[in-house]
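The chains referred to below are lettered A, B, ... by the order of the sequence lines, with proteins before strands, and numbering in each begins at 1. All figures in this text were calculated on a predicted structure; none of them were measured in a lab. Just so you know, these numbers use all the heavy atoms, side chains as well, and skip hydrogens, waters and symmetry mates.
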Amino acid sequence: MTASGVLILGANSDIARAVAHVYGAAGYPLMLAGRAPERFAPDMSDLHLRYGVPVTVHGFDVLETDSHAAFVANLPVLPDIVICAVGLLGIQAQAETDADHMSLVLRSNLEGPASALSQFAAAFEDRGSGVLVGISSVAGERGRASNYTYGAAKAGFTAFLSGLRNRLAGKGVHVVTVLPGYVATRMTEGMALPALLTAQPEDVARAIRLAVDTQRNIVHVRPIWAVIMGVIRLIPEPLFKRMKL
Amino acid sequence: MTQAELTGWGRFRPVATVLHTPRTAPEVATLLQSANPAIARGNGLAYGDSAVSSGYTISTRRMNRMLHFEPEHGLLEVECGVTLADIAAAMLPRGWFPPVLPGSGAVTVGGAIAADVHGKNHVHTGSFRGCVVWMDVMDKNGRVRRCSSTVQPDLFDHTLGGMGLTGVILAACLRLAPVETGWICQEQVTTSNFRHTVAELRAARAAPYAVAWLDGLTTGASFGRGVVMKGHHARYDDLPATLGSRTPRDAPSTRLRFDWPKWVLNTTSMRAFNALYFYRASKRTAPQLVDWRSFFFPLDAIDLWPRAYGSRGLLQFQCVLPHDTAEPGLEHILRATQEARCPPFLAVLKELGMQESAFSFPMPGLTLALDFPASPAALKVLDRLDAIVIENGGRVYLAKDARLKAGILRQSDPRADTFAAYRSEQGLDAHFQSAQSKRVQI
Ligand SMILES: Cc1cc2nc3c(=O)[nH]c(=O)nc-3n(C[C@H](O)[C@H](O)[C@H](O)COP(=O)(O)OP(=O)(O)OC[C@H]3O[C@@H](n4cnc5c(N)ncnc54)[C@H](O)[C@@H]3O)c2cc1C
Ligand SMILES: NC(=O)c1ccc[n+]([C@@H]2O[C@H](COP(=O)([O-])OP(=O)(O)OC[C@H]3O[C@@H](n4cnc5c(N)ncnc54)[C@H](OP(=O)(O)O)[C@@H]3O)[C@@H](O)[C@H]2O)c1
C-alpha cells in the first residue's frame, strides 16, 4: 500500500465502481475521473465513509485528447496505478452507415484511452514506476457481424496495450490487459447473457487487483473465455464468415 | 432491463418478471412512470414473493452509497440498497452500530424499513422504525417525499412494515447506537424441554440481546429442548489483551455452489445435527466473546445456504402469539408439525415487545420462526398452523411468507383491511404490487 493511490478513468462505470471498492477496502487513496464529475459526489462520500481513505474527483473526457497532457500534469499527485474503464459499445447497425457514430465508437474505445494512457506512460517511465491497466474486450479477438466496430476498436486497444507493455518492460512500469468476457453492467443491461459466462463487476475488480499484485500481463476474468476465444480464433475464415455468433 | 424468473430467499415458486437495476433516482422515476405495476427489491432475503412482481421488479443493489455521517449524534444517511452489515462494518471503527439487526447482514436498509424488521433486542429497542429519523419515498409520479414520525406521518407509518407497497424508499437517515466494541459477550444455557426453553428465554429478558434455538425434532420428555443465547456488547475494558482490536476481522464465508440433493438434508441427518449442536452448547456454558457477525448473522457464514434444501426450495413460517396464549399456542404449533411428520429443520424463538405502527409485524409476545423443506405436505401443515395462530390471537410475518391465503391474513390481522384501504385511497394499489400483495390482496 502506498500513498499516492489509484486513479480510475471512467469512474461512473459499474466495473469502475467495483474497482474503487476493492482498492478502497485495501486502504488505497482513490482518484475518480470521468465526465460530469459532479455525479461522483455520492461515491466520494460512500468510499470515504466505508474505508476512511482520501477520495478526490477529477473531470476527464477521453475524447478530448488535446487535454490529456494537461490532465496528467495538473493532478495533485501522480498515482501509482491507473485503471482505464472507459468504453462505449455503441450501436453496430448505426455505425454501419453513420460515420460520426462509427468514429465515436472507435475514438471512445481506442484513440481516447490510448491517448490518456500514453500520457501516464510517459510520466510513469520518468518516475520509473507505475501500473497501467486497460480494460479491453474479447470482442477484439475476432470481428463478428454483431459488434465489429466496437470489436475493431478493442482489437486496436489490445494491440496498443501489448505494445506499451513491450516498450515499458524493464522500465519499472507494468501494463495489464483485462479481457472481462461478459459482465453484468449498464453496458449489457437487457441482453440475454448466459449466466455461466457472465461475471459480476465485483469479480472483474478482484481479478484486476490480483493481476496488479501478481504482475500478470493479460487476464481473463473467467478462464472459460480463454478457451472459447481460442476455439473461435481457430475457426477457418471460410466457415467463420457464414456463422452467426 | 432483463427478463427473469425470480424467487425470494426460500427459492420457492419462481415468478416471471422484468428486472431493472437503476443506478439513480431519475432512472427509478422513469420506471415508475411506466404503465407496469412495480415493486422494489433489496437483496431478496424475504423468504417468499414479497420482492418480485409480475410487472417490473426494481432492484436497488446498485443504489447503495453511504451519503453522510454526522458523528456527534450518530446520524447516517444512506441510499436504500446499503446493507446493514456494511453499515456495521463501516461505523464500528467510529464507535457506532445499527440498533436493530435481523438474522442476516445482507438485508438492505430499504428491506429493513419495508418489513420493519426486528432483532434479538425487540423488547428493549423496538423494531427498525426506532432508528429511522426520516426517509425519502418516491411515488408513482416520480415525486420524492421526505417523511418522518412528524412530517407526513401517514406515509411514514404505512411505509414501515408496508412491504414496498407504498412506493420506493430511495434513502433514509438512521440514528445509530454508540458501542465500545464489535465484540459480543455471549452466554448460553441449554434447556431440557419446551416449557424450560420458554422460561429461560423470558428470564433472559434482562439481557440486551436474547434468542432461543429450538430442536424441533425431539419428542417425549425432551420435546422442545433448546439453547437460549444472551448477549451484550463487550466494553473495551472487557477485551483480553490477546484480542487486540475493537473491531473483529471478517471471517470469509463459504458459498454453496450447487443445490444439495434431496436426501442430504432429511429428518435423520437434521436430528443428528441438532443433537450435535445441543451437545456442543451444553459444554460451552461459560460466557465467551464472539464477533458481531457470528452473533447476529450465524447463517451468513454459509452464503446461499438455502441451496442445502435442494431444488425443492424451503418454506419459512413465522408467527407471533400474545403472551397470554404464547406458551400453549406455540407448543401446539410445534406438536402439529410433528404429528404431521413434517417437523421444522430450524426453529428460532424470540420475545417481542411493544410496537407502534400501521402494519408492522411485532406485537408483545413470543415469535417462533420455523424452516421446512418445501413439499405438498409442508404446505398442508402450514395451513394448519395458520389456524392455530388465529385461534390464539396471533399473526404471521409477511417477510417470511410464500403461501398465506388472503382470507386467512384478514382473519389473523384486521389491519390488513385498513392497510389496503390506505393503498387504494392514495392510489397506490394499481402501481405498487408484488406477487405477494396480489396473493394476499392488500
Ligand atoms: C437468514 C435470515 C434471517 C432473517 N432474520 C430476520 C430477523 O431476525 N428479523 C426480521 O425481522 N427479519 C428477518 N429476516 C427477514 C428479512 O429481514 C426481511 O425479509 C427483509 O425485508 C429482507 O431485506 P432485503 O433487503 O433482502 O429485501 P427484499 O427481500 O428484497 O424485500 C423485502 C421487502 O422489502 C421491500 N423493499 C426492499 N427494498 C425496498 C425499497 N428500497 N423501497 C421499498 N420497498 C423495499 C420489498 O418490496 C419487499 O416487500 C431474515 C431473513 C433471512 C434470510
Ligand atoms: N460489460 C461488459 O460485458 C464488458 C465486456 C468487456 C469489456 N467491457 C469494458 O469494460 C469497461 C467498463 O464498462 P462497463 O461494462 O462498466 O460499462 P459502462 O458502465 O457503460 O462503462 C463505460 C464507462 O465509460 C465512460 N465513458 C464513455 N465515454 C466517455 C468519455 N468520452 N469520456 C469519459 N468517460 C467515458 C462512461 O461514462 P459516462 O457515465 O459519462 O457515460 C462509463 O462510465 C469498458 O471499457 C467496456 O468496454 C465491458
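Annotation for L49(A) and A90(B): closest pair O-CB, 3.9 Å, computed over non-hydrogen atoms. In terms of heavy-atom proximity, M1(B) sits nearest to E189(A) at N-CG, 2.9 Å. P42(A) and L67(B) get closest at one heavy-atom pair: CB-CD2, 3.8 Å. Smallest separation of non-hydrogen atoms from D46(A) and N64(B): OD1-O, 3.9 Å.
Contacts between R186(A) and chain B at a heavy-atom distance below 4.5 Å involve backbone atoms as well as side-chain atoms. The contact between H68(B) and chain A is made entirely by backbone atoms, counting heavy-atom distances below 4.5 Å. In this structure, chain A has heavy atoms under 4.5 Å from both the backbone and the side chain of T21(B). Contacts of R23(B) with chain A are made by side-chain atoms alone, with heavy-atom separations under 4.5 Å and no backbone atom involved. If you measure heavy-atom distances from L19(B) to chain A, you find no contacts under 4.5 Å at all. Contact of E27(B) with chain A is made through the side chain alone, with heavy-atom distances under 4.5 Å. D14(A) touches chain B through its side chain: at least one heavy atom from C-beta onward sits under 4.5 Å away, while N, CA, C and O do not.
When each of E79(B), R94(B), Q3(B), M91(B) is checked for heavy-atom pairs under 4.5 Å with chain A, R94(B) comes out on top.
The number of heavy atoms from other shown groups lying within 6.0 Å of CE (M229(A)) is above 12.
Looking at R17(A), R50(A), M44(A) one by one, the single match for side chain to side chain contact (heavy atoms under 4.5 Å, CB included) with R65(B) turns out to be R17(A).
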